[in-house]
2 protein chains.
Amino acid sequence: MTRNSPPDVGQKIKALRTQEKLTLDGLAKMSGVSKSMLSQIERGLTNPTLGTLWSLTQSLGIDIASLLDDSESAGDTAPEITVTKAYETPEIQSADGLCALRILGPIDLVSKTEWYDMRLEAGGCLDSEGHASGTTEHLTVLEGVLNVRIGGKVQTIEAGDTARYQADVPHKIENKGQNQARALMLVLAP
Amino acid sequence: MTRNSPPDVGQKIKALRTQEKLTLDGLAKMSGVSKSMLSQIERGLTNPTLGTLWSLTQSLGIDIASLLDDSESAGDTAPEITVTKAYETPEIQSADGLCALRILGPIDLVSKTEWYDMRLEAGGCLDSEGHASGTTEHLTVLEGVLNVRIGGKVQTIEAGDTARYQADVPHKIENKGQNQARALMLVLAP
DNA sequence: GGCTTTGGTTCACTATATTGAATTTTTTGC
DNA sequence: GCAAAAAATTCAATATAGTGAACCAAAGCC
């Protein structure tokens with residue numbers, strides 16, 4: 001469900017102000033926004049300007065984006081633990097069968113974060129097109145040795161090492177060694 | 001470094017509009033904001049009202065909070081691979097030495113995403129206070145068996161399984177088994 | 001009781017965000 | 001090249017966000 005009117009910043013600001021034990025006057029002084037304006041904003045009977053909101057958030061020590069963020073104060077969903085069993089975990093295999101990816105992230109999620117348990121047989125490789133601009137990839141090798149190739153560059157990653165790189169251009173992960181390799185791969189969208 | 005003036009919404013809006021192949025006129029019509037206003041906002045020579053920003057974000061199909069969010073659109077850093085060697089990877093140990101966390105995420109990053117390679121000796125446990133509201137944790141067991149305890153609930157997680165839960169309340173991860181356990185832990189802020 | 005102080009709301013005025021029409025600039029066709 | 005069309009910018013007028021002072025209400029304090 002999505003809102004059809006601007007978020008009610010008034011309430012939030014008032015809450016924050018009282019939380020800080022600030023008087024209407026006090027916040028007015030330190031933010032440079034007039035007391036009367038503040039009063040009206042808090043009661044929702046005016047339509048504040050980006051500039052004044054900015055001043056207020058600065059004095060309240062919060063991020064302006066978070067002020068407008070409608071993720072209501074703490075979902076009150078009862079503490080729940082959901083378990084994805086090993087056999088339920090989705091797995092992708094490459095055509096040659098040398099590369100397998102187990103998707104560890106939640107499926108439902110239109111997430112900005114994806115992560116995988118990757119297994120590469122000797123000689124296997126994972127070829128990726130570029131993802132969305134700004135995406136970074138983090139590859140931690142758990143067992144074996146891997147090469148990361150991106151643009152002209154190549155890097156060798158051994159067990160325990162982590163490689164980080166921009167994933168918005170084509171890149172390649174190869175297992176040039178004699179043994180199976182296993183790694184954790186994290187893809188972070190901006 | 002924090003900004004000392006409101007975020008430049010103009011540029012962002014223009015970028016979004018052109019991305020959608022919308023004309024100034026077009027967006028004006030569908031949002032109800034006048035064409036002239038739009039033009040001025042995009043060029044940053046006015047201080048728009050929360051209301052008008054709301055209308056615009058609605059028509060552009062984005063969240064108003066994200067509009068004000070200053071996570072710059074994609075650094076154009078040249079393709080680089082940075083490697084954190086195993087011995088450079090920061091490791092945290094519990095007082096009793098039964099629990100060790102290797103921090104796999106980048107250090108610099110004031111990231112919304114943190115992840116760890118966790119090792120729990122038999123009998124060891126990791127006690128967490130609640131993180132920021134809305135935070136979720138994803139725990140994939142690589143070896144051994146672990147218990148997750150949160151509120152009154154307990155869940156047993158075996159090798160290959162993944163547990164997901166709200167991490168904004170105190171929670172506990174225990175190794176009740178006879179053998180060392182190893183797991184991957186991901187903490188996602190909202 | 002009345003006097004003072006403190007936190008908040010209303011009021012009259014000013015500054016400016018917003019508008020619709022006119023104008024300029026850019027694009028597209030011939 | 002020049003016209004016609006489309007897109008973006010200026011301009012004068014209006015609505016309203018923002019201000020400071022006056023006003024009201026409640027809480028000390030003598």
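Quick note on labels: first sequence line is chain A, next is B, and so on, each numbered from 1.
An OP1 or OP2 oxygen of dA8(D) is reached within less than 4.0 angstrom by a side-chain nitrogen or oxygen of Arg17(B). Contact annotation: Ser36(B) does not reach the phosphate of dA21(C) (side-chain N/O to OP1 or OP2, under 4.0 Å).
Residue Gly26(A) is classed as having no contact, given no heavy-atom separation below 4.0 Å to the nucleic acid. If you check every strand for non-hydrogen atoms under 4.0 Å, Thr23(A) touches sugar and phosphate atoms only.
With rounding to the nearest 0.5 Å, the separation of CD in Glu143(B) from CG in Leu142(A) is 9.0 Å.
With hydrogens and angles left out, the side chain of Lys35(A) and the base of dG8(C) share a donor-acceptor pair within 3.5 Å.
Put simply, Leu24(A) and Leu67(A) are part of the same group of oily side chains (I, L, V, M, F, W, Y) that touch within less than 4.5 Å, one to the next. Linking Ile, Leu, Val, Met, Phe, Trp and Tyr residues whenever their side-chain heavy atoms come within less than 4.5 Å places Leu50(B) and Leu16(A) in a single cluster.
DNA chain D contains the following stems of three or more consecutive Watson-Crick or G-U pairs, with both distances under 3.5 Å: C:1-7 with D:24-30, C:9-12 with D:19-22, C:14-30 with D:1-17.
By the 6.0 Å contact criterion, CD on Gln11(B) is open, its count of non-hydrogen atoms from other residues, nucleotides or ligands being 12 or less.
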Under the side-chain hydrogen bond (donor to acceptor under 3.5 Å, both in side chains) criterion, do Thr162(A) and Thr140(A) qualify, and how do the steps go? CA-CA 4 Å; Thr162(A) 302; Thr140(A) 303; 3.0 Å; yes
Which is it for Thr113(B) and Val187(B) under the side-chain contact (heavy atoms from CB on, under 4.5 Å) test, yes or no, and what are the steps along the way? CA-CA 6 Å; Thr113(B) 308; Val187(B) 184; over 6 Å; no
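Taking atom NZ on Lys29(A) and atom P on dG8(C), their separation rounds to 13 Å, with Å as the unit. dA17(D) atom P lies 15 Å from atom CG of Leu56(A), rounded to whole Å. Spacing between atom CG of Asp25(A) and atom C1' of dA25(D) amounts to 15 Å, rounded to whole angstrom units. Taking atom CG of residue Leu24(B) and atom C1' of nucleotide dT27(C), one finds them 16 Å apart after rounding to whole Å.
Non-hydrogen atoms lying under 4.0 Å from DNA chain C are contributed by Ser39(A), Arg43(A), Thr49(A), all within residues 37-52 of chain A.
A salt bridge between Arg149(A) and Glu174(A) is present, with a side-chain N of the basic residue lying under 4.0 Å from a carboxylate O of the acidic one.
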